[in-house]
Amino acid sequence: MTSALIYAIHRTHTWWAHVGASMGFDTVTVLTDRRGEGDRWTTDDYYRAFKARHAARDLSSDLLSAAEVDDVIARCRVLRWQTKRKAAAMALAMADAMDAQLEAIRPGYVISFPIDNYNQDVLARLARKRGLPYFEVTASALPEMCMLMHRGRLITTDAVPDRALVDDKIHEIADPLFTPAYVQDQAAYSAARFLRTLAYFRIRAAFFSLYAWFRRDPLNTHYLDAQPGLGHKARWKDIRVTALVEPDWETKLSAFPKERRILFGLQLFPEAAIDYWIEDLDLLRHEDMLVEIARRLTADGYQIVVKDHPLQFGFRQTELLDRLKAFPNVVIVPYEVTGNALLARCGVNVTATGTLGLQAGLLGNVSITGEAYYATDGDFVVLRDWNDLKDLTNAIAAQSPPAPLHLRQARIIENLLRGSFEADFFSFRGFDPTNPDPAAGDLGLRLGERIHALGPDGEDWHGRFLPRNGGRHSGSPLN
């Protein structure tokens, strides 16, 4: 008998129910953190546990050690801004609620979108303790495909893809005009737009506060994540970001040869891919990491070219840009300039987990990344802990241009194909359960086949490549 627990985030439970019904499993249970949504929900168990844990000032439990609680808090963009007592109680309460569901459902597999907050983080840790494979479903970097991963590690099949398919995908994704599916069209990045964006999200936060009270769900992550009191949120004074970009950026770039220009392709911040893919807790201090890299490399004669993510406009605090500009030879380019245009002008790229890192590697540039799903051995400079920052200059120098480039591209694309399958991930958008998109059912069918093939009864990817107690520090989610 095959059974799965699917954890559904806000407004995806009906889509997941349809996907799950098409997977070919005997039973599929959709779990949410909102009362009345999905087959089951954690809400009432969670609040009962939170009340008890908070009153007792608990910092650990039989389910999560103190080190694990600290690790959960450090990774969550909501918990890290709460008091230690409250954050610990929330993490422990979520563990209590999730454990109750795992005990009641007793699934053979756990499935969700990529881990995005402490709810899923805790669920994944408890599933791991029970020996349950956790599959995160998302869009592949390869167009019109999906992929499975776990904490940034690509879940790959042993089967080697056809060489003709690899070549086709190389031409498709290595095109200089390639843009990831989630990046929207460019628009005017003006002070007026910044104010409209910030005002909208302040009003939205106020509504969510009232709505959370109405639903008797004040600690729901979806509502807390919207609140402006979280330390990473943009403020009105950050409108000055529009004055920090440099219109003469092209002239400044021309003062350095391409191989001495380093592109900082800033990601969304906070970014779940950083929080939940990067194991080392020091590297989770992402802005501090970027500043340290800039300090070291500008001292060694490199130019830093800073390109903010287009979807981050209206959400970026200016402190990071100020800290970077304190070093010589740091250039902040306008938002309108595309990442592709800058990849063509810079010989080195620094992106913790973002797609620019993949594109840089495919173009033959030196690509410095964190532990991202696309990083193949020898083709990227991978940062695994803070000590790796100390030798970056030598690491860059050691990365000779790939010859021929096609061989590097083939290695990268082959790896992506081994972790991808054809399906429409974005079929959840505007999903109507009364008139379901056939693409959602097709995804479910292919997802079920893929999980069967890669699970314990198939190639057993988790058991072979992500065994228990493989973490590098106490409290690591990979233990």
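- Under a cutoff of 6.0 Å and an axis angle of 45°, Arg153 and Trp461 do not form a cation-pi pair.
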Full working for ring-ring contact (aromatic ring centres under 6.0 Å, His included) between His18 and Phe431: CA-CA 10 Å; His18 188 77; Phe431 181 77; 5.6 Å; yes
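- Of the possible donor and acceptor atoms, one in the side chain of Arg35 sits under 3.5 Å from a partner among the backbone N and O of Arg215.
- Residues Ile111 and Tyr7 form no side-chain contact, since every pair of their non-hydrogen atoms from C-beta on lies 4.5 Å or further apart.
- The pair Arg85-Asp58 does not meet the salt-bridge criterion, since no charged nitrogen lies less than 4.0 angstrom from a carboxylate oxygen.
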Criterion side chain to side chain contact (heavy atoms under 4.5 Å, CB included) on Leu447 and Ile451, from CA distance to verdict: CA-CA 6 Å; Leu447 177 61; Ile451 288 176; 3.8 Å; yes
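- No side-chain heavy atom of Phe50 sits less than 4.5 Å from a side-chain heavy atom of Met94.
- Side-chain contact check for Asp116 and Tyr276: no donor-acceptor pair (N or O, by modelled atom type) lies under 3.5 Å.
- Aromatic ring centres of Trp277 and Tyr374 lie farther apart than the 6.0 Å criterion allows.
- Ring orientation note: the planes of Tyr223 and Phe208 are nearly perpendicular, at an angle over 60° on the 30°/60° scale.
- In the model, Tyr211 has no side-chain atom that pairs as donor or acceptor with a side-chain atom of Asp217 under 3.5 Å.
- For Phe201 and Phe315, the distance between ring centers is under 6.0 angstrom.
- With respect to Asp308 and Arg316, a salt bridge is recorded, a charged nitrogen being found less than 4.0 Å from a carboxylate O.
- Defined by atom type and a distance below 3.5 Å, a donor-acceptor pair is present between the side-chain atoms of His150 and Glu136.
- Taking the six-membered ring for Trp and thresholds of 30 and 60 degrees, His452 and Phe25 have ring planes inclined between 30 and 60 degrees apart.
- Ring planes of Phe135 and Tyr109: tilted class, angle from 30 to 60°.
- Side-chain contact check for Asn479 and Ser476: no donor-acceptor pair (N or O, by modelled atom type) lies under 3.5 Å.
- Taking a 6.0 Å sphere around CZ of Arg57, one finds it holds 12 or fewer heavy atoms contributed by other residues, nucleotides or ligands.
- Counting all heavy atoms, side chain and backbone alike, Lys307 lies closest to Leu263 at CB-CD1, 3.8 Å.
- Put simply, the side chain of Leu230 reaches to within 4.5 Å of the side chain of Gln82, judged on heavy atoms.
- Heavy atoms only, all atoms of each residue included: Leu79 and Ile73 are closest at O-CG2, 3.9 Å.
- Of the possible donor and acceptor atoms, one in the side chain of Glu271 sits under 3.5 Å from a partner among the backbone N and O of Ala273.
- Judged by distance alone, the side chain of Asp424 and the main-chain N or O of Phe426 form a donor-acceptor pair under 3.5 Å.
- In this structure, Phe113 has its ring center under 6.0 Å from that of Trp16.
- Between Lys169 and Glu414, none of the side-chain N atoms (NZ, or NE/NH1/NH2) sits under 4.0 Å from a carboxylate O, so this pair counts as no salt bridge.
- More than 12 heavy atoms of other residues, nucleotides or ligands shown are found within 6.0 angstrom of CG on Asp432.
- Counting only distance, with no hydrogens or angles, the side chain of Gln317 and the backbone of Gly231 share a donor-acceptor pair below 3.5 Å.
- Between Arg151 and Asp121, at least one side-chain N (NZ, or NE/NH1/NH2) sits under 4.0 Å from a carboxylate O, which counts as a salt bridge.
- Between Gln120 and Pro114 the shortest side-chain heavy-atom distance does not fall below 4.5 Å.
- Remark: the backbone N or O of Leu416 is paired with a side-chain donor or acceptor of Ser420 at under 3.5 angstrom.
- When only modelled atom types and interatomic distance are considered, Glu459 and Thr157 share a side-chain donor-acceptor pair under 3.5 Å.
- Of the charged side-chain nitrogens involved, none lies within less than 4.0 Å of a carboxylate oxygen, so that Arg472 and Asp385 do not count as a salt-bridged pair.
- For the residue pair His286/Asp275, the side-chain donor-acceptor check at 3.5 Å is not satisfied.
- In this structure, Phe428 and Trp15 have perpendicular ring planes: the angle between them is above 60°, well past the 30° mark.
- In terms of heavy-atom proximity, Gly470 sits nearest to Arg128 at N-NH2, 4.5 Å.
- Looking at Arg408, its side chain does come within 3.5 Å of a backbone N or O of Gly361 through a donor-acceptor pair.
- The pair Asp96-Arg53 counts as a salt bridge, with a side-chain nitrogen and a carboxylate oxygen less than 4.0 angstrom apart.
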Side chain to side chain contact (heavy atoms under 4.5 Å, CB included) assessment of Glu103 paired with Arg130: CA-CA 10 Å; Glu103 188 63 27; Arg130 289 172 174 254; 3.0 Å; yes
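- The minimum heavy-atom distance linking Arg80 with Pro270 is given by the pair NH1-CB, 4.1 Å.
- Listed for the Lys233 side chain is a donor-acceptor partner under 3.5 Å among the backbone atoms of Asp225.
- Within the 3.5 Å criterion, the main-chain N or O of Ala272 finds no donor-acceptor partner in the side chain of Arg77.
- If you check the side chains of Asp280 and His473, you find no donor sitting under 3.5 Å from an acceptor.
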Working for side chain to side chain contact (heavy atoms under 4.5 Å, CB included), residues Phe465 and Ile155: CA-CA 9 Å; Phe465 299 107; Ile155 300 178; over 6 Å; no
Verdict with supporting geometry, Ser367 and Asn365, side-chain hydrogen bond (donor to acceptor under 3.5 Å, both in side chains): CA-CA 6 Å; Ser367 185; Asn365 297 354; over 6 Å; no
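- If you check the side chains of Asn349 and Thr351, you find a donor sitting under 3.5 Å from an acceptor.
- Looking only at atom types and distance, the side chain of Tyr46 has no donor-acceptor partner in the side chain of Asp33 under 3.5 Å away.
- Judged by distance alone, with hydrogens and angles left aside, the side-chain atoms of Thr369 form no donor-acceptor pair with the main-chain N or O of Ala372 at under 3.5 Å.
- Listed here is the closest heavy atom pair of Leu454 and Thr156: CD2-O, 3.4 Å.
- Considering only heavy atoms from C-beta on, Trp386 stays 4.5 Å or farther from Leu383 through its side chain.
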Worked verdict on Arg75 versus Asp71 for salt bridge (Lys or Arg N to Asp or Glu O under 4.0 Å): CA-CA 6 Å; Arg75 295 178 188 281; Asp71 195 272; 2.6 Å; yes
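- Within 6.0 Å of the CD atom in Glu319, the count of heavy atoms belonging to other residues, nucleotides or ligands exceeds 12.
- The two residues Gly20 and Ile6 make their nearest non-hydrogen contact at CA-CD1, 4.1 Å.
- Residue Arg216 places its CZ atom among 12 or fewer non-hydrogen atoms of other residues, nucleotides or ligands, all under 6.0 Å distant.
- No side-chain heavy atom of Leu445 sits under 4.5 Å from any side-chain heavy atom of Met23.
- Between the side chains of Asn340 and Thr338, no donor-acceptor pair of N or O atoms lies under 3.5 Å.
- The closest donor-acceptor contact from the side chain of Gln399 to the backbone of Val381 lies at 3.5 Å or more, if one exists at all.
- At most 12 non-hydrogen atoms from other residues, nucleotides or ligands lie less than 6.0 angstrom from CG of Asp62.
- Under the 4.5 Å side-chain criterion, counting only non-hydrogen atoms from C-beta, Val382 is not in contact with Ile368.
- No side-chain N or O of Thr42 forms a donor-acceptor pair with one of Gln101 less than 3.5 Å apart.
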